[in-house]
Amino acid sequence: MFDPVSPQVSFPQLDKEVQRFWDDERIFAKVLEQSKKKPPFVFYEGPPTANGMPHAGHVLTRVMKDVFLRYKSMSGFHVPRRAGWDTHGLPVEVEVEKELGISGRQAIADFGIEPFTKKCIESVFKYTHEWEVMTRRIGFWVDLEDAYVTFHKSYVESVWWALKKLFDKGLLYKGHKVVWWWPQGGTALSAGEVGQGYKQVDDPSITVRFPVKGMPDTSFLAWTTTPWTLPSNIALAVKADADYLTVRLDDGRKLVLAEARAANLLGDRPHEILERRKGQQWVGTEYEPPFRYVEPEGGPAHRVIAADFVELASGSGLVHLAPAFGEDDFAACKSEGLGWLQLLRPDGTFPPEVTDFAGRFCKDADRDIIRNLRTRGLLFKEEVYRHDYPFSWRRMEDPLIQYARESWFVRTTQEIHRVQENNEHVHWEPEHIKRGRFGQFLEGNVDWALSRERFWGTPLPIWVNDETGDVVAVGSVEEILERNPRAFDHFYEAQRRDRSLADHLMVHKPWIDHVTWTERGKPGVYRRVPEVIDCWFDSGCMPFAQWGYPHVKEQRKKFHKAFPADFITEAVDQTRGWFYSLMTISTLLFDEEKYPHPFKNCVVLGLLTDEQGRKMSKSLKNYTDPLELMESAGADAVRWALYSATVPGQNTRFFDRATKEAISKFLLKIWNSYAFFVQLANIDGWDPTAPRPAVGGRPPMDRWVLAELDHTVRSVRRELDDYKSHLAVRHIEGFVDALSNWYVRRSKPRFWAQGESADKAAAFATLYEVLVETTKLIAPFVPFMSEAIFQNLVATRIPKAPRSVHLAAFAEPSVERVDESLRRAVQLSRAVVAAGLRVRADTKLKVRQPLSKAIVAVADEMERVTIQRFERIIRDELNVEEIAFTDELETYVDYQLLPNFRALGPRLGKHLPACKAALAAADGAALYAQLRTKGSVVLALGGERFELGPDDIQVRLVAKAGFAAAEEQGHVVVLDTQITPALHRAGLAREVINRINKARKEMDLPIGARVHVGWEADGELAEAIAAHAETIAAETLASRFERGLGEGRLHEAEVSGDGLRFSLRPEEA
RNA sequence: GGGGCACUAGCUCAGGUGGUUAGAGCGCACCCCUGAUAAGGGUGAGGUCGCUAGUUCGAGUCUAGCGUGCCCCA
């Protein structure tokens, strides 16, 4: 006996039971143990930062990881899944700042770096619990207990090892460059980080007069969207080969601007063109800058230079240059040997020298700067410019600015060709990421701005001799101890004072900053530089740092075994983040490895959006929290909805409705088939361990559903091997629909047949096998429901069966089940049924009304035999007494002959349209007859003669007008619509059955309840009832069915115009 | 301004290697079933496949240009 199964199922409740089972039985651990000797399938978990709440996007990535990992695991691989936590960097510091209500580097320094660091450690795991709850709830199996943690000493040492290697290769250097600077945070950000923080804003766009020296009343017009950089102006840039006009305005003042921009800037303002010059002719001309608080150092300034990047699509054709605040500006001024001016402090405020705006934050001062220019008559035009501008990805209200700064860089540009070569070997899903988004990013690669002038991060392991300037990179704690055995005394001292200080912290600020050493016989002390590094570098080191490689000797083997990864997946925002850092670091470090590394397959997921395609955001509240959704619909429904909606690389519109559909269209179909099976198997006392009939000996219906199953198994495996989960899902949905809507529906009577029969045995065996295989097929997608079914059908019933579906092998192809002709036969039969039903609808002949025959017109004998295999079912579905095949096709149909384009295209080429026309014009019936008798026909086309065989021509049958006929895929079904008196009576009887059953339902009688019926009717209706009394009684479960009203509720109904009255009462028990 | 992606039925989306009747679900209309039943099933209506050129015997599919939207970056 199976445990009874109710068709009413609470999936959330089911989840909880399954989860408890997994926990009690340690199933996840057993999966790993059981597969230990199997070949590994390597997966890298991109470490999330646990100091923020998990959201819907995280659910998607975890679910997507899970399906492939479970699939590989069931397919005979050993699939370790180690969790990881990203613990360093700005995200954490910013959270702590918020918590402490402070902001900025100075505030942190005032608070104290040691207590601040301690706060960071606390904060790192603030939401770990929420992450674990979410992870468990969606059924993502990952080893959380053995998670790698980026701030741990061994991890940091691995990162140091990597950096030392880069340093020794000359790939780590300190440079003065314009970086994206976060003033409030007091640090530079990497290209990847900047990419995280764009948003659309309105900025002022102003056109300013720069008076030309030696030309009274004449000014250059220059354009800028950053007024606050004007005090640091060094030069103006023109396009050398563009034309520049000198014009006189109606007020007598003269302006110089690009001719291409004149119409736009001057509009219909009256002006007189005085002169036209090439940009080149203005080069070297000096001008008076709008502000002159401090004189530039190190070279001449305030003159016109030529530059390539000047565009004529916007602005005035003259660009204001402030080398301290723009990458292009920096390069241009440097190559011209011009001076330098940086009138902005690192915190984004103006220094005292800028008397008018001293102490003001740069962007906040824009309005006053504009006002100042206006009062001095230097402002020509002011507009608002809407564009995307980067903000701090951790605090979106803080704008970034371009700012020249000393910073440490990784010289990625030198080796980028190797990264590109590596990238060529990676399988990206979708494919276009390789050459598109990711490839383009590599194309435009700039050196990695690595250092952060912050506190909580992997310290940059560079020590500098304070006298000689000698620079050393350090790769481990041990290396330091070799130089100075007492280097960490300061830390141990601190640890004695505060016993809670973990050993991991010895490699962190502020303690690491006290680590110094000297070298015998040499002057000076080696002290560490103050910076920490970009936390994206940390996560990029994860393939080796998770094992503490190479320092932790016992784990070196683990690293080599788990490198490179077979599979990773994250969202598209990681192209410039983790995907980049992983691949770049790996390429730079592991010269000897063969490409690709450190990952072979990468599935890139799009963003989750709401129903309107808008980004999901907490502030908009435009989505239901996935956890809530799972509470009402269950984890499997959410998972299935995500799999069926998510195409890699594309945004996924996700909404509650999709989850509901997943339940009704998928989960419930399987569940109902399963509940149906269990119910009847239990009634019948069916034993799953008893021998079952051979597949070959079972009826066509059974062999068909097994063939469909096998076809589906093959398709699903192929798609999953290809990382195309969305396609796998479609195959499964198609099969489940076939199972539920055709196999189970059509096979029902076989299951409730009385007594023993080969047919019933085959039906039970087949449905059981199909359900078990399906369970294994869908287990990676819907791990909870599949487990519940598997437990009941297999695990607790079959001796030596796996304890869990996830310990079982994935559904496998079976040669025994393949039967393409049978699949085709059912497809044909269903087409015939569909056509017949359409005829009925067209002619308004209810299916309830039996008809004598359906005539099927087929083009060849094969199809006829094929259709006959399912004759009984077709008869039943169409409610006809007979299926006939006509020899006189011409009576009902026309032949339409078409070339088989795929076959003839290459052969006929240009003659194809003529061929099509010739076939259409010919007498189809005659030509077809010829084709059948002689095996070929000859056509003359454009002077040439072509012999066409049966495979070159496709025949379509088209129903002739005037018949109750319909066609479907080239087959015609004709219904004999003549209703004889006998048929009419049979129809009436069906109507009566229908009325009585309706009445049963109205009275809320239990489904199996026996009833007594007494009836009254006249004329033909009475004759019909009398003639079919037995059938009516059987179909309405009437143990007594008598003429004349009896006891019970009285019902009146109308049956095709005649009155019917009957009494109905349940039989006493 | 550059790069990437998308544009297919009222809505949400599928449509390897080009093959001539473009599919599904939801919604809608009509119908069936009443032994999966506060379920199930069927039939139908609905599409110039964003637009315009081109390649080809043949284009939703390939090429180019344009338009609209989203993402990424200047």
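Values below: all heavy atoms of this structure, side chains included; hydrogens, waters and symmetry mates excluded. Note on naming: letters A, B, ... go to the chains in the order of the sequence lines (proteins, then strands), and numbering restarts at 1 for each one.
Using a 4.0 Å cut-off, no side-chain N or O of A:Arg840 falls inside it from OP1 or OP2 of B:C32. Not one side-chain nitrogen or oxygen of A:Lys846 sits closer than 4.0 Å to the OP1 or OP2 atom of B:C31. OP1 or OP2 of B:A14 has not a single side-chain nitrogen or oxygen of A:Arg730 nearer than 4.0 Å. Within the structure, every side-chain polar atom (N or O) of A:Lys844 is placed at least 4.0 Å from both OP1 and OP2 of B:C31. Contact check, A:Asn741 against B:G40: no side-chain N or O comes under 4.0 Å of OP1 or OP2. Here A:Lys665 reaches the OP1 or OP2 of B:C26: one of its side-chain N or O atoms lies under 4.0 Å away.
For the pair A:Arg902 CZ and B:G16 C1', the interatomic distance rounds to 12 Å; values are reported in whole Å. A:Leu605 places its CG atom 17 Å from the P atom of B:C71, with the value rounded to the nearest Å. As rounded to whole Å, 12 Å separates atom P of B:U37 from atom CG of A:Leu668.
Residue A:Ile433 is classed as having no contact, given no heavy-atom separation below 4.0 Å to the nucleic acid. Residue contacts shown for A:Lys669 are limited to sugar-phosphate atoms, with no base heavy atom under 4.0 Å away. At a threshold of 4.0 angstrom between heavy atoms, the contacts of A:Thr575 with the nucleic acid are absent.
Candidate nucleotides B:G19, B:G15, B:U20 were compared by shortest atom distance to the side chain of A:Lys916, and B:U20 ranks first.
With hydrogens and angles left out, the side chain of A:Arg437 and the base of B:C71 share a donor-acceptor pair within 3.5 Å.
Counted by atom type alone, A:Glu383 and A:Trp223 present zero donor-acceptor pairs between their side chains at under 3.5 Å.
As the counterpart of B:U34, no nucleotide is assigned, since no Watson-Crick or G-U wobble pattern has both distances under 3.5 Å.
In summary, the aromatic rings of A:Trp742 and A:Phe870 are positioned with their centroids too far apart to meet the 6.0 Å limit.
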